[in-house]
Structure formats: structure tokens, C-alpha cells
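Worksheet: the structure to be examined is printed underneath.
Scope of the values below: all heavy atoms of this structure, side chains included, with no hydrogens, waters or symmetry mates. Within every chain, numbering begins at 1; the chains are lettered A, B, ... in the order of the sequence lines, protein sequences first and strands thereafter.
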2 protein chains.
Amino acid sequence: MQKLDTKTKILNAAEQLFAERGFADTSLRLITSQAEVNLASVNYHFGSKKELIQAVLARYLEVFVPSLEQTISSLNSQGDRYTQHQVFSCLIEPLLALNTFRHRGTTMFLQLLGRGYIESQGHLRWFITTHYGDIMVAFNDAVRQANPHLSKAEIFWRLHFTLGTVVFTMASSNALTDIAKSDFNQDVDIEDLIRRLIPFISAGVSAP
Amino acid sequence: MQKLDTKTKILNAAEQLFAERGFADTSLRLITSQAEVNLASVNYHFGSKKELIQAVLARYLEVFVPSLEQTISSLNSQGDRYTQHQVFSCLIEPLLALNTFRHRGTTMFLQLLGRGYIESQGHLRWFITTHYGDIMVAFNDAVRQANPHLSKAEIFWRLHFTLGTVVFTMASSNALTDIAKSDFNQDVDIEDLIRRLIPFISAGVSAP
DNA sequence: TTATATTTAAAACATCTGTTTAATAAAAAG
DNA sequence: CTTTTTATTAAACAGATGTTTTAAATATAA
């Protein structure tokens, strides 16, 4: 067990609380008490709560985005004909890799992403699109390549439907897997959940 | 223009602000100033902010749930063989009927529902399932009836995927329609959104 | 009418919010 | 070592929050 510095302790506590309770319902005092650091250290190291939120998400995006860029570009290098299922499959590896990067990292990342899209009047959405707009365009292009019959607008909507499906599922994944266990005696981990999601959203995006 | 009583003025202002900004980001002072009533009247008429939130949603559920119960039971009375599309149609009519009940009622209700499922640590979720659990079971039975080839577990997962798609989309519908307007010069109202959602979730549920 | 209950109103309440200050401690550089 | 920068701490700040109180106003009932 290595000794963590203050900045990291804050980030670790903040990401967990943000994912669980949302940004507005998580106070800096709750974060600092869980991180066992002084209250003022948040403003010292990050400037403001808003910048802390961005830093929490940035730590995941810095791992996830390059990983996704790689799987997308390797898909493109294999030719220009691929299915929607293959495009979404590009997401699986980078997403699951977050679980080795951090405990429950995949769930955490998707929950944070969802909260960022719903809460905070769009300032987090702005942060993501301005810092990681390239991969969003590349992914969007791949989806268009796989679905030449769909317009840009239609793809925009269906990708956001997809985001909703994934984010909501992850946000309530604990409750859902508990129900599946008690009602169907089904043991479902995060990897099963993603593999169950892919056919659903692939069919949805490629719908006529 | 009839003169509204304080209770109704509060509910009208609250539902609009809750749908737009979420529960945590909407203060009682913002609600009462928009409703042009005294601050203390919220606690006088509703007891607390939490109970106000429940009252806002209950006003919609009291209209929506009986309407849905009717379409579902009329579907069942027509025989025991119906398609999944028919089951979804049972949902559409009661939803759009909320638009005659109140201006932008459909959008408002679905946004509130979405926020209720994501925010507020599940106390609103509890309120809904304990007060309106019967119709949720009836709807689930109808879906099972329409999909005899799918296992209970499969239906369980895909219905929750569907719920996530709708709820997330509605919770962020303001931001999404803004983007669609600026990026594609597309004016999208709630009815358009629902019509775009149906093919997506239908294909998802019917996925191989 | 008078008497009673209900509703509104302004103010204060205690608590929580993010942020800043000023003093101290620790670390790094000279 | 001394000096200088960096980091931590406790305290206070100004403002917002939900809620309660107390009194006045309004409506209802006798």
C-alpha cells in the first residue's frame, strides 16, 4: 500500500461520490472528509469544484480515449466495410480496460459520463467535446460508414439513445444484477452486462 | 384566465423548473418567486421539498396510470395474441394525452420521470413503485405475452435497456434538441422524439 | 354580526454551501 | 545551513438553502 498524495486522494473520493450521488448532491466537505484531507486543499489543488469535476472525468478520458482511438483506427485499417456490431465492439476493450486501471472503473466512468450529460447545465459536455472532439468525430464517422442508409441527424439521435441505454444500465447495474440473481438465479458481472447490451444497441442504431 | 390557487401555482412553477434544471438545482425560492407566492407556502401546503417533488409527479401519474391501465386491459380483452409494437402503442397514447392535460405535459412528465430515476437517491423511485407497482407488473405481463420466444430474464434486461433509453433521452432532451437545432437546423418536439425512439427500442428488443 | 378556522406574509432560524484568508508546516533550492 | 517555494491547516467568510415562527389577513361557520 503506497502512500497517496492529497490530489489523488481527493480524486479517488470525489469520483466515487460523484458517481453515486451526482455532482450537485456531493459537497466538498463530504469529499474531503472521505479523502481524509483538509477542506481547503480542493480549492488549492483544483481551483474550484467545477474544475475538480472536470479533473475526475479527465483522468478516465485520458486512458479511455487513446484506447478507443486505437481500436477504431485498427478497424478502419482492416477495410472500409464493417458492421455496426463491429463498431460498438470497439468500445468493449477500452471500457473493460478501465476496470484494471481502477476498481469498478468501467461502471464509474459510465456513470460519471451520464451525470455529466444530465447535470451541470452542459459545462461538462462542453469540456468533453472541446477536449476530445476528434475521437467523437472518428467514432461518428465509423458509425456512418457502417450505416450508409442513415442520415447524420438520425445517427446523432440514435447514438444518444445508445448513450442513454448504457448509462442508465450502468447507473442501476447494482440493483439490476441483484434482481437478476434473486429472480433468475443469474450471475451477471459488468462484462456480461456489456456483452448483453451490444446486440441491443447495435440493432437499435441499425434499425430501418 | 381563471385565478389559480397557491397550491396549483406552486405545482405549475415547480414542475417546469424541476424538469428543466433537476431537483437539486431548483431552490424553493426560485419556485416561489416564479409562482409569485410566499416562500413559506411551500412548507405550509406540502410539508417539505421532498413531498413537493412527489406531489408534482403524482399529479401526472394520477392521469397517466389509469390511462395506461385502460389501454393495456383493452389490449388484453382483444385476445391473447398481440405484437410488441401493439404493447408499445399502449404507452404512446397515454403519454401524448398528457399534452392536452397540460402544456408540454408529455415532455414534462418524461423529464420528471427521468430525473426521478437518476437523482434523489431512489426515494422517488421507491415512491413510484410502491404507489403504482400494479401497472408496472401488468405492463411486464403484456410484454411477456407479446414475446413468448423470449425468456423472463431476457425480457427483464431488454425492458430495462429500453427504460434507460427513454429516461436518459428525456432527462437531457432540452440539451439534445438544442444541439439538433444548431447542428442540423432541426426543430424536434416531443412527438418527433418519441417517433424516433420507437424504431430504436423496437429493434433493440427484437434483436437476435 | 361574532367566532373559528384557514391561508398568507415577513422575518428569523439554523445549517450547509463553495471559497478565501492568514498562519503554520514541510520540502526544495541556493 | 539559510532561503524560498510549496503544501497543509484551522478559521472565518459571504451567500444560499430548507424550514419554522409569529403575526396579520382572509375566508368559513355559527
Identified side chain to side chain donor-acceptor pair (under 3.5 Å) partner of A/Asn12 from the options A/Gln34, A/Arg59, A/His103:
A/Arg59
So, B/Phe168 versus A/Phe168, ring centres under 6.0 angstrom or not?
no
Take atom CG of A/Asp25 and atom C1' of D/dG18, then tell me their distance rounded to the nearest Å.
14 Å
Whole-Å gap separating C1' (C/dG18) and CZ (A/Phe46)
15 Å
Any side-chain heavy atom of A/Tyr60 within less than 4.5 Å of one from A/Leu113?
no
Contact class for B/Thr26 (heavy atom, under 4.0 Å): base, sugar-phosphate, or nothing?
sugar-phosphate
Distance test, side-chain N/O of A/Asn38 to OP1/OP2 of D/dT8, below 4.0 Å
no
Going by atom types alone, do A/Ser48 and A/Glu51 pair a side-chain donor with an acceptor below 3.5 Å?
yes
Which one, C/dA10, D/dT19, C/dT19, comes nearest to the side chain of A/Arg29?
C/dT19
Starting at CG of B/Leu39 and ending at P of D/dG18, how long is that distance when rounded to a whole Å?
8 Å
Establish, with yes or no, whether the OP1 or OP2 oxygen of D/dT8 is under 4.0 angstrom from a side-chain nitrogen or oxygen of A/His45.
yes
Using a cut-off of strictly less than 4.0 Å, decide whether A/Thr6 has a side-chain nitrogen or oxygen near OP1 or OP2 of D/dT8.
yes
Checking C/dG18, D/dT9, D/dT20 against the side chain of B/Asn43 (C-beta onward), the nearest is D/dT20
Quickly work out the A/Tyr44 OH to D/dT5 P distance and round it to whole Å.
13 Å
Checking A/Ser206 side chain against A/Ala203 main chain: does a donor-acceptor pair fall under 3.5 Å?
no
To the nearest angstrom, how far is A/Glu36 atom CD from D/dA7 atom P?
21 Å
Whole Å only: how far is the CG atom of A/Leu28 from the C1' atom of D/dA11?
17 Å
Here's a test of your reading of the structure: between A/Ser27 and A/Gly47, which maps to the more 5' nucleotide of DNA chain C?
A/Ser27
Give the rounded distance in Å between these two atoms: CG of A/Leu52 and P of C/dT19.
10 Å
Quick note, B/Ser48 side chain, CB onward, closest among D/dT19, C/dT20, D/dT8 is D/dT19
Here the distance between atom C1' of C/dC16 and atom CZ of A/Arg21, to the nearest Å, is 13 Å
